[in-house]
Protein chains: 2
Amino acid sequence: MKLNQGVEWALHCCVNLAWASAGEPISSGRLAELYKLPPAYLNKQLQCLVRAGVLQSVSGPRGGFQLARRADRISVLDVVLAIEGRDLAFRCDGILANCPGGDAEQDYLRSCIIAQSMRQAELAWRTELARQTVAGIAQSLERRFPQARADSLAQLRASSDGRD
Amino acid sequence: MKLNQGVEWALHCCVNLAWASAGEPISSGRLAELYKLPPAYLNKQLQCLVRAGVLQSVSGPRGGFQLARRADRISVLDVVLAIEGRDLAFRCDGILANCPGGDAEQDYLRSCIIAQSMRQAELAWRTELARQTVAGIAQSLERRFPQARADSLAQLRASSDGRD
DNA sequence: GTTTCTCTACTCGGATATCTGATGTCCGAGTGCACGCGG
DNA sequence: CCGCGTGCACTCGGACATCAGATATCCGAGTAGAGAAAC
């Protein structure tokens, strides 16, 4: 079980967008430059966030991405599910259906004790992620690294002004 | 994020081994036949459980697999980690290190707020899995499907006696 | 000077390669049992 | 009849294919803004 690399990128980008959300979109190119990431691939990940309704995209020059709603209404779970998909990690193929006493008609996701256990654990995971918001992360970051926000904004501004 | 298919197989097999653990090993072939699974691949998964110390293997005729310790001392987490590996699902590559204010020396798994959040959620997931034991699963199964244990044992016995 | 039109540069978005890891298969090493042979 | 040796069938264990999905890239559609031309 491994999460896509894009999850880490998406979360960091969302924090940055939360800081910069003065109504001015930020392009994927700028974000990629900030974190030294492959621009096209980062763009692809951000597209997932748009499809999931977490971000809004603006085309054309001065375009880019911005949060689709207030940062305190975007949970970490929203971002993770946008990248990873909404399916549960544990797939119950109902191998019990092939068992001697098995019944192909039954809904094994509900009846199978094992599937239930796995589901319960996954629910705990999602609950924990749902408790955290992008705004909360941003706030914690500012508290720990007071200059982080200013640094990021300065960097973004520099790269959009000085066309080095 | 998807768990390997082998996790489901391994858990069902462990429950069966808990039922049959009269000191008599069960071969991967019998288990595969029981669940209609590819024998060689199931064998591969069970090998992971052996390497992790969950199962013991016995070679030769009348050989097979058996639980390495009492079923109530084997948690679902043990089985999952045996198949999936012990690494955390969230890989923090420390992309902050490449950031303007970044510091390549820092341990971002600890300092990065995002990595911490993901870690906390994953801990909740593992905790939930650690609460469940193979014995508990087997007990729940017996309570819900009283004939399950007898059916499985009968099927295993039949396939080992009647060489059809 | 102002308005309008055009052109350009920049952005997202999806279609397209590549590569790692999951899935599935095969064969060799080792071992306990059965059978046969000798005492 | 009893003990021993040999052969065999069965098992695990790891090496070897195959395939799906993650990773990475490229090009086209659309657009805002700048600049030029006309009034």
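Lettering of chains follows the sequences in order, A, B, ..., and the numbering in each one begins at 1.
Remark: B:Asn4 is in phosphate contact with C:dT23, judged by side-chain N or O atoms under 4.0 Å from OP1 or OP2. Look at A:Ser28 and you'll find a side-chain N or O under 4.0 angstrom from OP1 or OP2 of C:dC12. OP1 or OP2 of D:dT11 has at least one side-chain nitrogen or oxygen of B:Ser27 nearer than 4.0 Å. Look at A:Arg30 and you won't find any side-chain N or O under 4.0 angstrom from OP1 or OP2 of C:dC10.
Going from atom CG of A:Leu42 over to atom P of D:dC26 covers 16 Å, rounded to whole Å. Distance CG (B:Leu49) to P (D:dG13): 11 Å, rounded to an integer number of Å. The distance between atom CG of A:Leu3 and atom C1' of D:dT23, rounded to the nearest whole Å, is 15 Å. The distance from atom CD of B:Glu33 to atom C1' of D:dT11 is 15 Å, rounded to the nearest whole Å. If you measure from atom CG of A:Asn43 to atom C1' of C:dA15, you get 14 Å, rounded to the nearest angstrom. Protein atom CZ of A:Arg91 is 11 Å distant from nucleotide atom C1' of D:dG21, rounded to whole Å. Whole-Å rounding puts the B:Tyr41 OH to D:dG14 P distance at 16 Å. Atom CD in B:Gln47 sits roughly 15 Å away from atom P in C:dT25 (whole-Å rounding).
Here the side chain of B:Phe65 is nearest to one of C:dG14, D:dG13, C:dT23, namely D:dG13. Considering only side-chain atoms of A:Arg51, the nucleotide from C:dG14, C:dT25, C:dT23 that sits closest is C:dG14. Which of C:dG14, D:dA24, C:dC26 sits closest to the side chain of B:Ala40 comes down to C:dC26.
Remark: B:Arg149 pairs with B:Glu142 by the salt bridge (Lys or Arg N to Asp or Glu O under 4.0 Å) rule, at least two apart or across chains. Residues passing the salt bridge (Lys or Arg N to Asp or Glu O under 4.0 Å) test with B:Arg69 are B:Asp78, sequence neighbours excluded. Residues satisfying the salt bridge (Lys or Arg N to Asp or Glu O under 4.0 Å) criterion with B:Arg51, sequence neighbours excluded, are absent altogether.
At the heavy-atom level, B:Gly29 lies nowhere under 4.0 Å from the strands shown.
Of the candidates B:Leu17, B:Asn16, B:Val58, B:Leu17 is the only one forming a side-chain contact (heavy atoms from CB on, under 4.5 Å) with B:Ile26. Looking at A:Val79, A:Asp72, A:Leu77 one by one, the single match for side-chain contact (heavy atoms from CB on, under 4.5 Å) with A:Ser75 turns out to be A:Leu77.
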Open item on the list: Between A:Glu122 and A:Arg119, does the salt bridge (Lys or Arg N to Asp or Glu O under 4.0 Å) criterion hold? Intermediate values first, please.
Closed with: CA-CA 5 Å; A:Glu122 207 159 343; A:Arg119 227 163 76 98; over 6 Å; no
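Atom CZ of A:Arg91 sits in a crowded spot, with more than 12 heavy atoms from other residues, nucleotides or ligands closer than 6.0 Å.
The aromatic rings of A:Trp9 and A:Tyr41 sit perpendicular, their planes meeting at an angle over 60°, well past the 30° parallel limit.
No donor-acceptor pair under 3.5 Å is formed between the side chain of B:Gln120 and the backbone N or O of A:Glu128. Remark: side-chain polar atoms of A:Gln132 are not paired, donor with acceptor, to backbone N or O of B:Ser117 under 3.5 angstrom.
Note that the two end axes of the helix from C:dG1-D:dC39 to C:dG39-D:dC1 enclose an angle of 0°, each drawn from 5 base pairs, rounded to 10 degrees.
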Could I get a table of every N or O pair under 3.5 Å where one atom is in the protein and the other is in nucleotides 15-20 of chain D?
none

Can you pull every protein N or O that's under 3.5 Å from an N or O on nucleotides 31-33 of chain C?
none

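Taking every heavy atom of both residues into account, B:Phe90 and A:Leu3 meet most closely at N-CD1, 3.8 Å.
Linking ILVMFWY side-chain heavy atoms closer than 4.5 Å, directly or via other members, places B:Phe145 and A:Ile114 in a single hydrophobic cluster.
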